[in-house]
Asks: 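Have a look at this one before I ask anything.
When reading the values below, keep in mind they use all heavy atoms of this one structure, side chains included, and skip hydrogens, waters and symmetry mates. The chains referred to below are lettered A, B, ... by the order of the sequence lines, with proteins before strands, and numbering in each begins at 1.
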Amino acid sequence: MNLFRIAYAYARKSPLTTVLNLVLLALGVATVTLLLLLTTALDDRLKRDAAGIDLVVGAKGSPLQLVLAGVFHVDVPPGNIPLAEIDRLRANPLVASVVPIAMGDSYLGYHIVGTEPSALELYGARLRQGRGWSAPMEAVLGAEVARRSGLVVGAGFAGSHGLAAGGEVHADEPYRVVGVLEPAGNVVDRLILTGIDSVWKVHHHEEQEQGESAAGERAPEVTMGLVRYATPLAAATLPRQINNETLLQSASPAYESARLLTVFGVGTDVIRAFAAFLMLAAGLGMFIALYQAMEQRQYDLAVMRTLGASRWRVCALLLLEATVLAAAGATLGILAGHALLACIGAWLPAAASLAPVAMRMLPGEGALVALVLAGGILAALLPAWRAYRLDVAATLAKGYP
Amino acid sequence: MFALEGIEHRFGPVAALRVGQWRVERGERWLLSGASGSGKSTLLNVLAGLLRPSAGKVMVAGQDLAQLEESALDRWRGRNIGYVPQRLHLIESLDVLDNLLLAQFLAGATVDRSVAVELLASLGIDRVASRKPQALSQGQAQRVAIARAVINRPALLLADEPTAALDDANARAAAALLSERAGAVGATLVVASHDGRIGSAFSKRYELEPA
């Protein structure tokens with residue numbers, strides 16, 4: 001026999017009320033937890049995908065589009081730039097390295113990216129099987145692409161025109177898989193890498209078919225350059241220099257992702273308000289339940305006093321009940337939030353990269369638990385105060401109502 | 001065992017209790033009688049340390065209750081007083097056995113299941129140990145309330161109108177049971193009742209005059 005056991009017995013006496021309050025509280029906590037995890041996962045993913053890329057340089061247009069297309073590979077690029085511009089950038093002392101990329105085709109919705117072998121280094125990618133590309137039409141698959149397409153080293157596939165699945169298929173210029181990458185945990189998992197000349201070859205062939213190249217050889221073009229600064233000082237001058245003095249457009253992945261997150265911010269604020277509302281409802285429910293319990297239980301509390309319980313003890317009993325309920329709700333909610341994210345990660349391929357965050361505890365969750373416990377104690381304060389003030393003799397004299 | 005002197009208690013302007021002097025020796029069995037409203041329950045509350053009288057001195061088991069501050073009085077009550085309230089007030093969320101364990105726990109005594117089970121057996125109600133109080137007959141519930149009052153072997157056992165809800169035979173049996181249980185734990189017994197049927201069970205009687 002102890003206070004926990006008594007509190008538990010009372011919670012069991014009105015299971016419906018207890019469960020209802022528990023579920024309300026857990027739902028609110030789960031929503032906030034999921035939100036915390038999702039924003040963290042999203043932030044992580046954006047940071048990982050953009051790691052090592054200080055600046056994206058491409059054709060004039062929307063800087064957000066440049067970053068979405070060139071860094072996260074979720075949009076089409078604005079246009080092409082002459083390869084010569086990449087060489088000019090490389091000559092700039094503020095620039096440590098430039099990785100050119102040429103895009104245009106996709107396979108099963110995954111971008112086929114023509115680039116140089118230095119891209120593997122940029123993404124921290126390592127080969128699991130096979131080798132890197134050396135000849136035109138040789139391709140290396142990201143881990144996720146390999147897993148979802150089932151393609152292995154030696155297999156062939158034809159890219160489809162455009163960056164969305166379902167474009168015209170370039171069946172007469174098939175790629176051959178020469179390597180598969182280890183999972184790197186960033187965007188390269190979802191890319192098909194090849195030489196720039198492969199992309200040129202496919203599109204040159206296409207232009208010939210359509211009779212567009214009558215004017216003769218055009219200057220070679222790429223889609224973008226991924227720039228790494230030689231010095232942090234470059235951040236202050238290089239973007240403006242590029243935007244003002246060349247026909248190119250520059251965009252900072254860090255700045256554009258921050259902009260992107262503020263757009264999501266409105267949505268997460270709404271969900272957060274909704275979750276706060278849920279938790280408030282749970283707190284109110286708990287308060288009403290405890291207050292009613294106090295009414296029904298004044299005789300029990302009076303008897304406990306005759307059995308030797310002090311004012312503090314009956315007061316502590318009510319506080320304990322609220323705290324245990326709040327702790328249970330918070331625990332359930334946090335578990336549910338993590339489980340939910342794990343499920344979302346398992347069911348939605350696009351969200352698979354978010355799932356690892358489900359295994360992490362965030363500092364924000366500690367604060368959430370503290371907040372819920374404080375709310376529980378707050379809800380119990382008035383009933384506990386009444387229990388403290390209970391007039392034992394008068395209550396016993398009243399008998400049952 | 002206890003001595004009351006010049007006790008007066010008022011609820012606001014209304015005098016509810018007046019006791020000139022009352023001395024009780026250890027082990028005695030007293031019937032506290034008096035008309036309704038003469039303050040029998042109030043006096044029991046004073047003896048149990050649940051109510052501090054407006055005036056007068058209360059010495060129980062060698063202790064001047066006025067000297068004890070709030071939580072010391074609670075602890076003292078848990079160790080020295082067994083109280084059977086009129087409406088029994090068993091805790092309905094707990095089963096019979098747990099009601100007894102609760103009394104041990106709240107009094108700060110060792111929580112000992114075997115003591116509780118033995119006590120229930122000696123009262124012939126060990127079969128209902130795992131029942132909730134709502135599932136008991138009136139007679140069984142009363143025995144549980146008595147068991148709860150004596151489990152910590154109090155020095156003073158108080159019962160408030162224990163026979164009000166019982167028929168003649170059960171009323172006499174209840175009075176005898178209280179007397180026997182008080183004897184078993186060496187407690188002094190005070191039963192507040194205006195029930196004429198049980199008068200013969202007590203050797204001593206204190207008649208309370210309306211204040």
Side-chain angles (χ1 to χ4, degrees), chain A residues 1-19 289-290 292-318 320-321 324-325 383-385 387-401, chain B residues 9 11 16 40-46 48-52 70-95 97-113 116 132 145 148-149 151-152 154 158 160-161 164:
Chain A
M1 183 57 59
N2 52 47
L3 280 186
F4 276 103
R5 199 145 163 215
I6 306 169
Y8 175 67
Y10 279 114
R12 269 191 50 178
K13 200 190 170 198
S14 43
L16 215 59
T17 315
T18 306
V19 167
L290 284 169
Q292 271 186 339
M294 175 60 217
E295 293 281 309
Q296 294 161 1
R297 234 196 266 170
Q298 48 179 323
Y299 307 106
D300 289 8
L301 295 176
V303 165
M304 290 183 193
R305 293 290 309 281
T306 69
L307 293 173
S310 65
R311 290 180 186 279
W312 286 111
R313 214 157 203 192
V314 290
C315 190
L317 177 62
L318 289 182
L320 181 72
E321 275 183 50
V324 166
L325 198 64
W385 171 242
Y388 182 85
R389 293 285 312 263
L390 185 73
D391 182 341
V392 179
T395 308
L396 288 178
K398 259 193 294 181
Y400 287 106
Chain B
H9 192 67
F11 291 113
K40 295 191 295 295
S41 299
T42 308
L43 182 51
L44 288 188
N45 285 331
V46 167
L50 289 166
L51 202 63
R52 292 184 190 272
E70 204 50 51
S71 50
L73 186 60
D74 290 324
R75 273 196 303 279
W76 173 88
R77 182 188 313 117
R79 278 201 294 270
N80 291 283
I81 302 294
Y83 190 93
V84 184
Q86 180 173 359
R87 307 257 184 165
L88 304 182
H89 289 309
L90 298 173
I91 309 286
E92 296 191 349
S93 306
L94 301 174
D95 65 24
L97 186 64
D98 278 345
N99 263 279
L100 299 194
L101 301 183
L102 177 73
Q104 290 179 326
F105 166 68
L106 291 178
T110 323
V111 176
D112 188 334
R113 187 170 280 268
K132 290 282 167 66
R148 186 179 63 181
I151 190 161
N152 296 318
L158 305 171
D160 193 2
E161 300 283 2

Asks: So how far is it from Glu321(A) CD to Phe4(A) CZ, rounded to the nearest 0.5 Å?
Replies: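 Interatomic distance, Glu321(A) CD to Phe4(A) CZ, rounded to 0.5 Å: 11.5 Å.
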Asks: Report the residues that fulfil ring pair (Phe, Tyr, Trp, His ring centres under 6.0 Å) with Tyr8(A), sequence neighbours left out, ordered by chain and then residue number.
Replies: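 Residues passing ring pair (Phe, Tyr, Trp, His ring centres under 6.0 Å) with Tyr8(A): none at all.
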Asks: Quick one: of Ile91(B), Val111(B), Leu101(B), who has the most non-hydrogen atom pairs under 4.5 Å with chain A?
Replies: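 Of the candidates given, the most pairs with chain A belong to Ile91(B).
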Asks: Would you check, one step at a time, whether the test side chain to side chain contact (heavy atoms under 4.5 Å, CB included) holds for Leu307(A) with Arg148(B)?
Replies: CA-CA 9 Å; Leu307(A) 293 173; Arg148(B) 186 179 63 181; 4.0 Å; yes
Asks: Quick one: does Ser310(A)'s side chain have a donor or acceptor within less than 3.5 Å of a partner on Ser71(B)'s backbone?
Replies: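 Absent.
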Asks: Measure Arg313(A) against the heavy atoms of chain B and call it side chain, backbone, both or neither at under 4.5 Å.
Replies: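 Interface part for Arg313(A): side chain.
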Asks: Check whether Arg113(B) gets within reach of chain A through its side chain, its backbone, both or neither, counting any heavy atom under 4.5 Å.
Replies: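 Contact with chain A involves the side chain of Arg113(B) alone.
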Asks: Given a strict heavy-atom distance threshold of 4.5 Å, which part of Asp74(B) is in contact with chain A: side chain, backbone, both, or neither?
Replies: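 For Asp74(B), the contact with chain A is made by backbone and side chain together.
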Asks: Checking heavy atoms, do the side chain of Glu70(B), its backbone, both or neither come under 4.5 Å from chain A?
Replies: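 Side chain only.
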Asks: Considering only heavy atoms, which portion of Arg297(A) lies under 4.5 Å from any heavy atom of chain B: side chain, backbone, both, or neither?
Replies: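 Interface part for Arg297(A): neither.
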Asks: Between CG of Asn99(B) and NE2 of His89(B), what distance do you get to the nearest 0.5 Å?
Replies: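 Between Asn99(B) CG and His89(B) NE2, I get 12.5 Å after rounding to 0.5 Å.
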Asks: What's the separation between atom CG in Asn152(B) and atom CZ in Arg79(B), rounded to the nearest 0.5 Å?
Replies: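 Separation between the atoms: 10.5 Å.
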Asks: Mind ranking Ala107(B), Ala103(B), Ser93(B) by heavy-atom pairs under 4.5 Å with chain A and telling me who comes out on top?
Replies: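 Top option by heavy-atom pairs under 4.5 Å: Ser93(B).
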Asks: Is chain A contacted by the side chain of Tyr83(B), its backbone, both, or neither, given a heavy-atom distance below 4.5 Å?
Replies: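 Contact with chain A involves the side chain of Tyr83(B) alone.
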Asks: Can you sort out the partners of Arg5(A) under salt bridge (Lys or Arg N to Asp or Glu O under 4.0 Å), two or more places apart, ordered by chain and number?
Replies: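 Here the qualifying residues are Asp98(B).
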Asks: Between Ile6(A), Val392(A), Thr306(A), which residue shows the highest count of heavy-atom pairs closer than 4.5 Å to chain B?
Replies: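 Option with the top pair count is Thr306(A).
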